[in-house]
Each structure stands twice: as structure tokens, then as C-alpha cells.
Amino acid sequence: MSLTLAEVEHIAELARLALSDQEKARFCEQLSDILEYAARLQALDTTSIPPTASVLPERSVLRADEAHPGLPVQELLRNAPKIEAGQFCVPPVLELD
Amino acid sequence: MSNIYEPVIGLEVHAELATRSKMFCACPVVDTTQAEPNSAVCPVCAGMPGVLPVVNQKAVEFALRVALALACEIAPSSLFARKNYFYPDLPKGYQISQYENPLAVNGRLTILTSQGEKVVRIRRVHLEEDTGKLTHIAESGNGSINEIRPAHTLIDLNRAGVPLLEIVSEPDMHSAEEVGAYARALHSLLRYLKVNSGDMQKGAMRIEPNISIRPAGSQTFGTRCEIKNLNTFRGLERAVDFEIRRQSALLDEGKVVEQETRGWIDDQGITVTQRSKEEAHDYRYFPEPDLPPLVLDRAWVEEILASLPELPISRLHRFQEQYKLSAYDAEVLTAEQETADYYEAAVAAAPQVAPKVIANWICGELFSLLNQTGMTLAECPVTPRALAALIFLVTSGEINLGTGKVVLAEMFHSGQSAEAIIASRGLRQISDSSAIAGMVQQVLKNNPEQVQSYLAGKTGIAQWLFGQVMKAAKGQANPQVVRQELEKQLNAMINNGY
């Protein structure tokens, strides 16, 4: 179970990470090791066990539909790289959806 | 010579759920076109580290109302999933949605077209969260280097995290008309269920058709294109029509349709490429680790099912049956619950009047007054009872139809009752035949030339003479009595050898 360099590059692109060739090679090895470790689970016989998405008890925790104020705008925007007209101002992004 | 193609169309609809608070946090849901930007945002919907989402019970209830009204199978346990993508409209870097185990599957919606009724299958209904609003600002400035403002993007997160319901149909539609009918039927249903504002201008319901074409008779699917984010029925129908023609032309020329996402440019009436398959996202869905499976209590689901109102299609069928209305009238009257309630209240208030007559007044005169003033039925100053009283005055012959229309307009503007307006303006219809006989006699006496033409065989003149009598009676004479009297007096002249 080992990743190709091309797969590492694809994952890096999806995560918007710019990696050096050295890093790519290193992550290729590390990610492959992780996958290999996880792949040991494949060896288990799970034919009689139903697929499980969560280990939490099968009980829903729902919230009543009550509204409470969020953060003051000033407080919220403290993390903004730039502010304009009470909004986060970021470099231009292309319309995707 | 162009070939015959069959379009195959499925729809994805996103509907905002009209809850008070957001899907996974307690931030209020605000009108994003009005509220101050970023005034309804907390650490959860801002994607701060260390926060945890908690599901809004009302959003689940609303989703279940829709799923049950669409006759879906409800999953006793469904899963939330992360849809990963980098775009600043969702600050977490992912959208919480449902993927492998959605809330509901296998439903159906009946739509009405010129060909009659048709059932469109629903593939799935699932819950997710809406995204923030981005405003793209182009580069600006007066040309001098110091004045140039580079292009940038502004982010308002008020809408981020608002509960969103995605409803996906099977590719069961084959024309723009069917697609339009489906979208309207769904819009009407969401309004009946009181789960959506219905305000499409503000993006409360967004529609994305998937369109492909194939040679008529073929069973395999062609390559499909998706058109993003349509928010008017007319735009939807036009976009689908355009896309069918575009794809047909490509195949006719021996070219192929590329799988891609396209955008609709309304003022040019065309679709354009937004994203091709090669750029398609790899969303890397995985089960949301911060939320347990959504396990539904059976009794709660049963309770919601029992609480559903009479749905538009059932009401439409009942109106046809009970009130002997055409499919068209029944559709117009049941599209909005408000209209249907108004109609039934008017029918109940006028048991002596045929329900079809009341339908004609509402769909004709009343709607036209509402349109002229831009009012909704809820704001209409004429109550169903007042309208019923007016219609009864017309059908019982107290006033004639023309006067009735004038009185309705007056009721609409002044809020007075029909009786009061008729009394104060002396509009009561003249049905007394001796009074009408006198008016007819006078008109015949005053127009000897026209009478001579009539007697000489120009029978069409009778209509003109009728008009003169009605004019003399200021429109208040009973037209049937006038016709009878006119005919009687003219026949008498013929018989007397004029």
C-alpha cells in the first residue's frame, strides 16, 4: 500500500499546500506508512459485523430551535486579514458555484 | 436535416428551511439582503477551532415534513458527512452535508403539464448547511498607479450555516415545460408545509437542472451538463430550452457534448461553461466525526406525518371533484394555500352561487385588481364573505355583470360592502320591464334611420340599438330584459308592416 508521487501532488493541491520536491518525497513515505498501518485492519474478518460509521451511542442529540446573538461584528472581524464594509476582505476568488 | 432527440432532465433543488436559528448553531437566521453583514455569526459558523456543531431539531422536523409529503422512505438512521473544498464562502473548509446515508429516499411528486398529470420520482432528500455570501469587486481606479484598487472579494457569513434541504429528482423529465411544472409544484408544496419563505428573489429556493439528450427511442443516457443556481421559473425554462437546442446542434454537427457545469446568463439568454469535468472537485466526503448518526424516533416521524396539511395535489383533485372546476382553475386556485382558503371561504359564504362562478371572479377580476396594485391576497381589502355577497347580487339579478365589476373595483379601493356602494350610487339593476319598454320605445323613436335599415334587412343594427338602450339606462338595465323587449318591439313593427 504505497502512494505514488502523483497522488501526493494531487492531495497537496486539494489541500492548497505548496510542497517542495523534498517534502513531497518525505510525505510520500510518511503517508504510505500511515496507510500501510491502517491497512492492517483489512486483514480482519468483518463478514459478520455490520458497517459502522460512528462508535457513539445510537441516540440523537438535537438542539431546540432558539436563536441567540452571535459574536459582536468587531469581535468576529478581529481575525480578518483585512476589513471592508464590515466584511472579511480577501484576495479575489473566482466564482465556482 | 436535424435528428429527433429526447431530452432527459433531472433536478437538484436547494431550499432554505425557515427556522429561527441556524442548522448547527444558535445564530439567528436573518434576511441576508437586509441585515448588517456578519451580524449573525458565532464561533461555530465562523469555523473557529475547537467548536462543535449541534443539530437543530426544527430543521430535522421541516426536512421530515417535506420528505413525508414527497412520500419518501425515511431512514431510521442517517449520517452527516463532510464535503471538503476550499472556498471562502464556508470558513471551515468543508460543508456539513449528507452523502452515503441521506435522510430520505425514493419519493415522488405529481406535476401538472398541458399533457395532464405526471409523476416524477424523487431520488433523495437530505439536510445540509448554506454557504456565506461573497461579493466580488473588480479592479478600480482612475488609471494612475497610486489610485488603482486591485480586485478583491468581500465575505458576509450571515448565511453560512443556514439549514438547507437538497431535493434530488430522478431524470424523469423531458421538456422545459415539465421542468417548470416540477419546480412550481415543489415551490407550492414547500409553501403549504410552511418550511420555506418561497422568496426566490432572495435565493430561498435555487434550482439546478442536469440535462442530456439522446436519439429518440434510445435507452442509454447522453453526456449531461449541469446548469447552476437558477432562481426564477422563467429563467429555468429558458435555460433548459437553450441547453436542449445547444446540445442538439452539437450532435447534428457530429460533435460531442462535453460533461461540464454551465452558468445561465439571463439577459443574453444563453448558458456558458463554468467548469469542465477535468476541473471537477474531489470533495473527499467522509462521515462527520463531530456529529453522531441522526437516529429518528419512529413515534416522532408518525406524529409529523399525521400533522401534514392537505397537500396541493390532493386539494386540486378535491376542488375538481367537489366544485366541478377544470384542472386549470383548480391548479390556479390551489397553487397557494392562501388562495385556496380564500376560495373555499367565499364558496361557503355563497351556497346559492355555483362554485365555478366564484372561481371565475377570483381568477379574473380579483387577481387582476391584485396584479394592478401589486398586493397579495393577504392584503386584499375585500374579504371572501364580501366578495361572495357581491357575486350573489350579480347572479340573483340585483345588478348586472358590468356593474358588478365596477362595484368590485370600488370595494377593493374603499373597503366598503357591495350593498353600501350600490345603494349610495344608485346602481341597482333595472329589471322592471315596463321601465325598460319605455326606454326601448324612446330609442327606436329617436333613431328612425337605423330602425329603417334594420327593417330593410340589416339585422346587425339590432346590436347597436341594444347599446343605445343600455347607454340610456346608464348600464344598469338587465341586459336580458333589454334584448327581449327590443326584439319584441322590432318584431311588432315588422308584423305591423313597416
Side-chain angles (χ1 to χ4, degrees), chain A residues 3-4 6-19 31 34-35 38 41 49-97, chain B residues 19-22 24-29 36-43 45-46 48 54-60 77 79 84-89 91 100-101 131 134-137 150-157 228-229 261 263 274-275 281-282 284 287 289 291-297:
Chain A
L3 283 175
T4 64
E7 283 169 324
V8 171
E9 283 170 349
H10 178 62
I11 297 164
E13 194 190 314
L14 289 171
R16 301 293 188 272
L17 293 174
L19 302 182
L31 289 170
I34 293 168
L35 286 178
L41 289 172
I49 302 169
T52 308
S54 170
V55 292
L56 296 170
E58 289 265 301
R59 183 178 64 85
S60 280
V61 181
L62 301 176
R63 178 177 58 79
D65 183 28
E66 286 162 13
H68 300 294
L71 292 170
V73 182
Q74 296 310 317
E75 188 71 10
L76 175 75
L77 293 175
R78 268 174 56 194
N79 266 347
K82 263 173 87 179
I83 299 169
E84 186 178 314
Q87 302 191 52
F88 296 87
C89 181
V90 299
V93 288
L94 289 173
E95 197 65 67
L96 287 179
D97 281 350
Chain B
T19 51
R20 291 195 189 95
S21 65
K22 290 187 179 180
F24 300 113
C25 62
C27 283
V29 172
E36 181 194 350
N38 296 306
S39 59
V41 185
C42 73
C45 54
M48 303 280 185
V54 187
V55 174
N56 182 338
Q57 178 172 24
K58 198 55 129 183
V60 177
S77 170
L79 289 178
N84 298 280
Y85 67 94
F86 275 106
Y87 199 61
D89 60 1
E100 276 176 315
N101 296 59
T131 60
L134 302 186
T135 309
H136 305 286
I137 313 274
H152 53 287
T153 294
L154 301 180
I155 308 167
D156 171 11
L157 295 178
K228 294 303 274 185
N229 278 336
T261 299
Q274 273 190 341
R275 192 165 73 203
H281 288 283
D282 178 347
R284 295 154 293 145
L291 287 169
L294 181 61
V295 180
L296 298 172
D297 176 25

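Letters A, B, ... mirror the listed sequences (proteins, then strands); counts begin at 1. Only heavy atoms go into these numbers, but all of them, side chains included; no hydrogens, no water, no symmetry mates.
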Pairs of heavy atoms under 4.5 Å with chain B: top-ranked of Q87(A), R63(A), H10(A)
R63(A)
Would you mind checking which part of I83(A) comes under 4.5 Å of any heavy atom in chain B, side chain (CB onward), backbone (N, CA, C, O), both or neither?
neither
Look at the side chain of D65(A) and the backbone N and O of R20(B), then say whether any donor-acceptor pair between them is shorter than 3.5 Å.
yes
Under 4.5 Å to a heavy atom of chain A? For L79(B) that would be side chain
In chain order, what residues pass the side-chain hydrogen bond (donor to acceptor under 3.5 Å, both in side chains) check against N38(B), with sequence neighbours excluded?
none
Please list all pairs meeting side chain to side chain donor-acceptor pair (under 3.5 Å) that have one or both residues in residues 67-77 of chain A, counting only residues at least two apart or in different chains.
E75(A)-R78(A)
Drop me the distance from R16(A)'s CZ to Y87(B)'s OH, to the nearest 0.5 angstrom.
11.0 Å
Distance-minimising heavy-atom pair for V54(B) and V61(A):
CG1-O, 4.0 Å
Residue part contacting chain B, namely of E84(A), when any heavy atom lies under 4.5 Å:
both
Which heavy atom of P37(B) sits nearest to which heavy atom of A85(A), and what is that distance?
CG-O, 4.1 Å
One should read off an interatomic distance between E66(A) CD and T19(B) OG1, to the nearest 0.5 angstrom, of 12.5 Å
Closest heavy-atom pair, A151(B) versus P92(A), reported as atoms and distance to 0.1 Å, is O-CD, 3.2 Å
Within 6.0 Å of CD in E13(A), more than 12 heavy atoms from elsewhere
no
Please test I155(B) against V90(A) for side chain to side chain contact (heavy atoms under 4.5 Å, CB included), starting from the C-alpha separation and ending with a verdict.
CA-CA 8 Å; I155(B) 308 167; V90(A) 299; 3.8 Å; yes
Portion of S77(B) that has a non-hydrogen atom of chain A nearer than 4.5 angstrom:
side chain
For a quick test of reading the model, state the closest non-hydrogen atom pair linking D282(B) to L14(A) and the distance between them.
OD2-CD1, 3.5 Å
Among C42(B), P289(B), A59(B), A40(B), which residue forms the greatest number of heavy-atom pairs with chain A at distances under 4.5 Å?
C42(B)
Is chain A contacted by the side chain of P28(B), its backbone, both, or neither, given a heavy-atom distance below 4.5 Å?
both
Contact winner vs chain A - P287(B), P43(B), A46(B), heavy-atom pairs under 4.5 Å
P43(B)
Please classify the contact of I137(B) with chain A as side chain, backbone, both or neither, using a heavy-atom distance under 4.5 Å.
neither
Counting only heavy atoms closer than 4.5 Å, note whether E100(B) contacts chain A via side chain, backbone, both or neither.
neither
Per-residue tally against chain A (heavy atom, under 4.5 Å) across K22(B), K58(B), Q57(B) peaks at Q57(B)
To the nearest 0.5 Å, what is the distance between SG on C27(B) and CG on L71(A)?
7.5 Å
For C25(B), is it the side chain, the backbone, both or neither that has a heavy atom under 4.5 Å from a heavy atom of chain A?
backbone
